[in-house]
Amino acid sequence: MIPSNRLRIVLAASEAVPWFKTGGLADVATALARALDADGHDVTMILPDYVSVRNEAADPLPDVTDTGVRFTLDMNGNAIGGSVRRTALQDSKVKVLLVAQDHYFSRPQLYMENGEGYADNCERYCFFSRAVMEICNQMVLRPDILHCNDWQTSLIPALLNTQFADKPGFENTASVVTIHNMAFQGQFWHLDMALTGIEERYFSMHHMAHNGQLNLLKAGIAMADQITTVSPTYAAEICSTEGGCGLDALLRHRESNLTGILNGIDQSVWNPETDRHLDTHYTAASPQPGKASCKEALQKRMELPIRKDVPLFGMVSRISDQKGFDLLAEATDRILSQDLQIVFLGTGDPGYEAELKSIASEYSSRVGLVIGFNDRLAHQIEAGSDAFLMPSRFEPCGLNQMYSLRYGTVPVVRRVGGLTDSVVDVNHETLADQSATGFVFNDYKSSQLAETIERTVATYRQPLVWEQIVRAGMAIDWSWNRSAQRYVEVYRKASESRHKRAKDGRR
């Protein structure tokens, strides 16, 4: 068992802010590490050093130094060397180690270029996962918990149970894998099994093989001591045939070891009272006139008419089917026949990007569009919008609806995944008990999205009701404190599972 309340936690992730980000994982990894550190735990983050991306960062980053640690791994007969660099997470005691290997990680992007994943992604992240274990060994980290995230690090529990099962320093180490999105599993051809450094016998339907392919996420699900995902509803969804993406049977088998924990948000970054990206600040106790000022600034930035009387909808998102852009495309004319404005920020599917450009051109007085990613503008959209669109096909957790609630921006969402767990629909009952925080629709249909936007616009015309909804959302505590405590509970369960397995002589 873990001998004290203070845990030694190694958190391995393929991205984390402020260094490298493509999605919510980067925010979650850093925010969780910071919250665990604040709770008194010893936290080490290990990340790949995408040095080219790091060098292009818009904002200054903490200094990076060489630790002097070197290692060499046999990658299917090729001796590949790596080293370890050190940096820091500001305003915390979290230790941050970067795995340096320029051939694998010094590239223009993290995972892909021009819409195509790097051909050697399996090799890159097998190397990274194995490097995490080697660093724990060489630097004598002696972790109580190895916390892994998504397929890029899901090999680590398998390594812990095989190559490192009997090594000194890992006697008390348990593993947890967090699934951020079941749709991405790290599936590669079977011959890539040699890159894992694990015996061929583990290429089986019970461990690492799925439909004849190597499946790295499956390795983590099958062999981690505990599994988490990013909301209670999503934990139930991935155990279904529809939501499990082919691994639902394994997830049902391990359901007693599966916990859904709704993400929190980093309220030091996402806070309308102090947000460095805003020219005007405001509080939950007094949202106006600060929020109105942010709305006017956003309308100017997006070259829309300055109008206080129309609801301004925002959307910051990857532009894809998953995020509901097919519904928006189908319902464009109906939505934009109303007196409203919409601003979009994102990048993704070229077809939808082109369609958005066409819509923005046709409806230039109602639609603002920026293709790309701009962190400052993302914050300004959260603060300046009246409502925020998230009509997702699926959404494991979602962070933007929490950012929106924090900023007094009313979410318009589909009832799925973490959106179900974080937004309370506006209806007679929830208005009466003052629990309503947003507008929710059920079926993935463009007609339902359009109807819900119409309902939102109609409610916006009722200022007292709208203010009640805004204040209810802003009153919710979305900090990581509660979520971090849930993770600590899972860590202790993982430790119990690990010691029971060791006692029974199982791997």
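All of these numbers come straight from a predicted model, not from anything done at the bench. Position 1 is the first residue of the sequence; numbering continues from there.
When every heavy atom of Ala194 is checked against every heavy atom of Asn76, the shortest pair comes out as CB-OD1, 3.4 Å.
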Mind running side-chain hydrogen bond (donor to acceptor under 3.5 Å, both in side chains) on Thr153 and Ser129 for me, showing each step along the way?
CA-CA 5 Å; Thr153 56; Ser129 294; 5.7 Å; no
Between Arg54 and Val64, does a side chain to side chain contact (heavy atoms under 4.5 Å, CB included) hold up when you go through it step by step?
CA-CA 10 Å; Arg54 177 163 58 82; Val64 174; 3.5 Å; yes
Determine, step by step, whether His190 and Gln213 satisfy the side chain to side chain contact (heavy atoms under 4.5 Å, CB included) criterion, reporting the C-alpha distance in whole Å, the side-chain angles of both residues, the deciding distance to 0.1 Å, and the verdict.
CA-CA 5 Å; His190 66 285; Gln213 292 184 302; over 6 Å; no
Show the numbers, then the answer: is there a side chain to side chain contact (heavy atoms under 4.5 Å, CB included) between Ile135 and Ile46?
CA-CA 9 Å; Ile135 290 166; Ile46 306 182; 4.1 Å; yes
Apply side chain to side chain contact (heavy atoms under 4.5 Å, CB included) to the pair Ile145 and Val10, showing each step before the final yes or no.
CA-CA 6 Å; Ile145 300 295; Val10 169; over 6 Å; no
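The backbone N or O of Ser175 sits nowhere less than 3.5 Å from a side-chain atom of Gln226 that would complete a donor-acceptor pair. With hydrogens and angles ignored, the 3.5 Å screen pairs no side-chain donor or acceptor of Thr72 with any backbone N or O of Ala79. Formation of a donor-acceptor pair under 3.5 Å by the Asp192 side chain with backbone atoms of Cys122 is not found in this model. Side chain of Glu123 to backbone of Met75: no donor-acceptor contact under 3.5 angstrom is found. Using modelled atom types, one side-chain atom of Thr229 and one backbone atom of Ile179 make a donor-acceptor pair closer than 3.5 Å. Using modelled atom types, one side-chain atom of Ser231 and one backbone atom of Pro396 make a donor-acceptor pair closer than 3.5 Å. Side-chain atoms of Thr437 come within 3.5 Å of backbone atoms of Val424 as a donor-acceptor pair (strictly under, hydrogens ignored). Within the 3.5 Å criterion, the main-chain N or O of Leu247 finds no donor-acceptor partner in the side chain of Lys218. A donor-acceptor contact shorter than 3.5 Å is absent between the side chain of Thr233 and the backbone of Gly418. Using modelled atom types, no side-chain atom of Gln401 and backbone atom of Val423 make a donor-acceptor pair closer than 3.5 Å.
Within the structure, salt bridge (Lys or Arg N to Asp or Glu O under 4.0 Å) contacts touching residues 18-31 (residues at least two apart or in different chains) are Lys21-Asp27. Pairs of residues two or more places apart, or lying in two chains, that qualify as side chain to side chain donor-acceptor pair (under 3.5 Å) and include a residue from residues 86-103 are Asp42-Lys95.
Classified by interplanar angle (parallel below 30°, tilted 30° to 60°, perpendicular above 60°), the ring pair Tyr50/Phe105 is perpendicular.
Inter-residue side-chain proximity for His147 and Thr178 is flagged as met; some heavy-atom pair is nearer than 4.5 Å. The shortest distance between side-chain heavy atoms of Arg414 and Val440 does not fall below 4.5 Å. Side-chain atoms of Cys397 and Met402, non-hydrogen and from C-beta on, do get closer than 4.5 Å to each other. Using a 4.5 Å heavy-atom threshold, the side chains of Phe20 and Asp49 count as touching. Inter-residue side-chain proximity for Trp189 and Leu214 is flagged as unmet; no heavy-atom pair is nearer than 4.5 Å. No side-chain heavy atom of Glu355 sits under 4.5 Å from any side-chain heavy atom of Leu328. Thr44 is listed as a side-chain neighbour of Leu97, based on a closest heavy-atom distance under 4.5 Å. Side-chain contact between Arg130 and Leu195: absent, with no pair of heavy atoms (C-beta onward) separated by less than 4.5 Å.
Annotation: side chain to side chain donor-acceptor pair (under 3.5 Å) contacts of Ser392 (sequence neighbours excluded): Glu395. In this structure Asp248 satisfies the side-chain contact (heavy atoms from CB on, under 4.5 Å) test together with Thr241, Arg252, sequence neighbours excluded. Residues forming a side chain to side chain donor-acceptor pair (under 3.5 Å) with Asp477 (at least two apart in sequence, or on another chain): Ser479. In terms of the side-chain contact (heavy atoms from CB on, under 4.5 Å) criterion, residue partners of Ala183 (sequence neighbours excluded) are, by chain and number, Asn181, Phe394.
Leu217 CG to Ser154 OG: the interatomic distance, rounded to the nearest 0.5 Å, is 4.5 Å.
Under 4.0 Å is where a charged nitrogen must lie from a carboxylate oxygen, and between Arg142 and Glu171 at least one such pair does. Using a cutoff of 4.0 Å between basic side-chain nitrogens and carboxylate oxygens, Asp225 and Arg498 are not scored as salt-bridged. Between Glu489 and Arg486 there is a salt bridge, since at least one side-chain N of the basic residue sits less than 4.0 Å from a carboxylate O of the acidic one.
Under a cutoff of 6.0 Å and an axis angle of 45°, Lys167 and Phe164 form a cation-pi pair.
Residues Tyr111 and Ser14 have side chains that bring a donor and an acceptor to within less than 3.5 angstrom of each other. Side-chain contact of Tyr407 with Asn271: a donor-acceptor pair under 3.5 Å is absent, judged by distance alone. Judged purely by distance below 3.5 Å, without hydrogens or angles, the side chains of His41 and Tyr491 never pair a donor atom with an acceptor atom. A donor and an acceptor atom, one from each side chain of Glu382 and Thr409, are nowhere located under 3.5 Å apart. No hydrogens or angles considered: nothing links the side chains of Thr228 and Thr259 as a donor-acceptor pair under 3.5 Å. Checking Asp266 against Tyr403 by side-chain atom types alone, no donor-acceptor pair falls below 3.5 Å. A donor-acceptor pair shorter than 3.5 Å can be found between the side chains of Glu353 and Thr347. Under 3.5 Å, the side chains of His379 and Asp275 contain a donor-acceptor pair of N or O atoms.
Residues Trp151 and Phe184 place their aromatic rings such that the two centres sit no closer than 6.0 Å.
Summarising the local packing, CZ of Arg415 is surrounded by more than 12 heavy atoms from other residues, nucleotides or ligands at distances under 6.0 Å. Atom CG of Asp63 has 12 or fewer neighbouring heavy atoms from other residues, nucleotides or ligands inside a 6.0 Å radius.
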